Amino acid sequence: MCGIFGYIGKRKALSIIFKGLKKLEYRGYDSAGIAVLLDHKIHIKKSVGNIDALADKFNNTKDNSIISKATLGIGHTRWATHGNVTVNNAHPHVDYKKNFSIVHNGAIDNYNELKHDMQQNEYKFYSQTDSEVIVNLINQYYNGDFFYSVQQTLLHINGSYAIGVLCKQDNNKIICARKDSPLIIGIGNEENFLASDISALLPYTNKMIFLENGDIAELYVNNVILKKLNGQQKTLNICDISNNINNISSNKKKYKHFMLKEIYEQQYTIKQTYEKLLDTHDSILQICYNIKKIYILACGTAYYAGLVSKFWFEQFTNIPTEVNIASEFIYSNAIINQNTLIIVISQSGETADTLSALRFIKRKKCTSIAVCNTFKSNISLEATYVMYTYCGLEIGVASTKAFTGQLIALFIFALNLGLRRKQLTDIQHKEYLKELLQIADKVKIILGNTINIKKIARIFARKKSVLYLGRYINYPIALEGALKLKEIAYIHAEGCATGEIKHGTLALIDRTIPVIVIATNGITYKKTLLNIEEIKARNGFVIALQNETNNVLIKRIGFTIYVPETIELLSPILNVVPLQLIAYYTATFLKHNVDQPRNLAKSVTVE
Ligand code: F6R
């Protein structure tokens with residue numbers, strides 16, 4: 001949520017900041033702005049809309065040629081939290097005396113009290129944001145020492161922040177700091193950068209400093225000084241991240257949208273993830289040996305990955321496993337002790353609800369494992385162990401390749417833990433792995449035939465509501481299919497357990513509501529056929545996901561989508577792919593902005 005970028009160097013800052021913001025746009029795209037510092041004057045341009053709208057604003061201003069000479073500046077792309085989407089609420093913000101400018105990603109809890117106090121002292125505010133309070137506080141503490149004023153401010157605010165600050169008087173540096181929101185410094189040659197994520201820095205450098213909570217840094221053209229909030233200097237821990245990024249690029253390539261690219265990338269990301277994770281680290285298996293209960297905590301799509309994996313953990317390891325929505329778990333009375341394993345799942349590693357659930361359980365001294373797609377993110381750093389999924393940056397707001405990456409990671413972990421705990425024999429373990437290793441090629445087959453998927457999407461584009469049904473390990477896939485359609489096509493969709501609809505939802509069935517039923521082979525197949533009959537008997541319009549060996553269904557339903565056969569335990573990884581594609585094509589037929597759906601943003605950093 002919100003992306004920030006900063007540049008100081010010898011090149012023209014404006015175009016570099018624009019490019020950086022473009023990369024960060026997936027984090028928030030309702031408004032944007034840039035501030036540059038030139039001849040002790042702060043120049044700011046902001047606009048409602050995305051980065052292209054901001055670029056138009058720059059192109060149409062008189063002072064554009066002056067501003068473009070600046071060699072330091074900061075930029076922001078916003079997902080509104082405090083205050084609606086207006087130019088005034090867009091960042092960068094300035095203090096009322098226009099001495100400082102700030103970009104901020106995060107949320108300040110005590111901003112109302114601080115604002116109230118400052119208003120008693122002639123301070124004026126022009127936005128509804130919490131961020132404007134930070135910049136005014138910096139001005140209030142300013143005694144000629146830029147660092148001191150930022151430091152004092154940070155000591156007086158509560159909440160989360162990643163900030164970049166410019167000072168009119170001190171035009172040879174940018175100060176940045178972070179707590180609970182991500183911030184990375186990019187080290188260049190006679191230039192330095194700051195950004196909310198790696199992708200915005202990669203075009204310029206592989207040398208990065210991942211700021212830790214409570215770090216505050218001064219960025220100069222030729223130097224970076226890193227301190228703790230108490231002022232104590234820290235040594236620079238510069239990572240060369242070339243070894244930590246994989247070959248999944250963050251460009252759209254031939255695809256119209258990132259989401260489509262990411263759906264198609266699954267044939268590689270699945271392979272890449274299992275190749276890297278096949279051997280679960282021995283220390284992880286060791287520490288999990290005596291575990292008696294597993295809690296899985298996550299949000300949204302990642303939560304559904306958790307729901308699928310519950311069946312794997314229980315079957316392979318015999319450990320009772322409970323899956324919880326992270327934002328709800330903090331209210332539970334779950335008994336957690338040294339024999340409890342907590343698994344948190346998060347693509348971004350930033351999700352505030354998941355992070356807060358992780359912090360909640362950390363106080364109880366149990367072991368935690370993060371399944372995470374983002375290198376050095378908060379969640380990956382705070383869990384006892386991290387298992388990275390090797391999917392590359394996911395930019396489309398609707399999660400796709402990260403979901404299948406999470407499933408692969410969890411399946412392998414459950415399998416290896418089952419073997420270690422002697423709940424699985426070597427032969428069983430090998431058989432399961434053999435099936436898993438074929439999954440990527442089977443995903444490729446699904447991606448190669450989208451004719452029916454597009455026909456179905458055309459129908460969905462005219463509908464007001466769609467039902468998704470699945471049983472057992474595919475019930476979470478019904479939930480995920482429905483979530484995808486809601487998110488990007490803005491069509492109401494509901495995921496239900498197939499056996500449950502006769503207890504109420506069946507009342508909705510008529511000719512107008514399409515019902516997608518996951519009817520692939522397995523122990524649930526016969527019962528699912530019966531449920532399809534029940535829907536047909538009420539004139540329901542059924543679309544079935546099935547394996548070719550079961551073409552008995554074909555003549556009697558609206559549409560069939562064939563998926564290659566695998567064991568039922570692995571079928572969710574295949575079944576989700578057509579559902580991702582249906583949502584994608586429905587949204588494109590409706591001409592929606594697929595990668596940036598309304599009201600949403602990637603990385604939900606507020607609770
Ligand atoms: C849906 C989607 C969200 C995320 C959820 C958790 O397509 O992307 O539901 O899955 O916000 O995000 P992470 O995995 O980053 O914690």
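Note that these values count all heavy atoms, side chains included, but never hydrogens, waters or copies made by symmetry. Atoms within a ligand are numbered from 1 in the order they appear, just like the ligands themselves. In this text, all values refer to a predicted model and were calculated from it rather than measured experimentally.
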Among all the protein's non-hydrogen atoms, which is closest to [atom], and how far away is it?
atom                    : answer
atom 4 (C) of ligand 1  : Thr301 N, 4.1 Å
atom 11 (O) of ligand 1 : Val604 CG2, 4.1 Å
atom 13 (P) of ligand 1 : Thr351 OG1, 3.2 Å
atom 15 (O) of ligand 1 : Ser348 OG, 2.6 Å
atom 5 (C) of ligand 1  : Cys299 O, 3.6 Å

Ligand-residue contact atoms, ligand 1 with [X], heavy atoms, under 4.0 Å:
X      : result
Glu487 : 1 (C), 2 (C), 7 (O)
Ala398 : 7 (O)
Ser346 : 13 (P), 14 (O), 15 (O), 16 (O)
Ala302 : 10 (O), 14 (O)
Lys484 : 1 (C), 7 (O)
Val397 : 8 (O)

task = Could you tell me whether ligand 1 has any atom less than 4.0 Å away from a heavy atom of Thr374?
result = no

Is any side-chain N of the basic residue among [X] and [Y] closer than 4.0 Å to the acidic one's carboxylate O?
X      : Y      : answer
Lys22  : Asp52  : yes
Glu314 : Lys310 : yes
Arg27  : Glu350 : yes
Asp595 : Lys256 : no

inquiry  = As a quick check of understanding, evaluate side-chain contact (heavy atoms from CB on, under 4.5 Å) for Asp130 and Ile157, giving each step before the final call.
reply    = CA-CA 10 Å; Asp130 49 347; Ile157 58 177; over 6 Å; no

ask   = Looking just at side-chain N and O atoms, do Thr301 and Lys484 make a donor-acceptor pair shorter than 3.5 Å?
value = yes

inquiry  = Is the shortest side-chain heavy-atom distance between Phe413 and Ile284 below 4.5 Å?
reply    = yes

message = Is any side-chain heavy atom of Tyr303 closer than 4.5 Å to one of Asn324?
response = no

Gln347 N/O to ligand 1 N/O under 3.5 Å = yes

Backbone or side-chain N or O of Thr354 under 3.5 Å from ligand 1 N or O = no

Residue list, salt bridge (charged side-chain N to carboxylate O under 4.0 Å, His left out) with Lys293, at least two apart or on another chain = Glu322

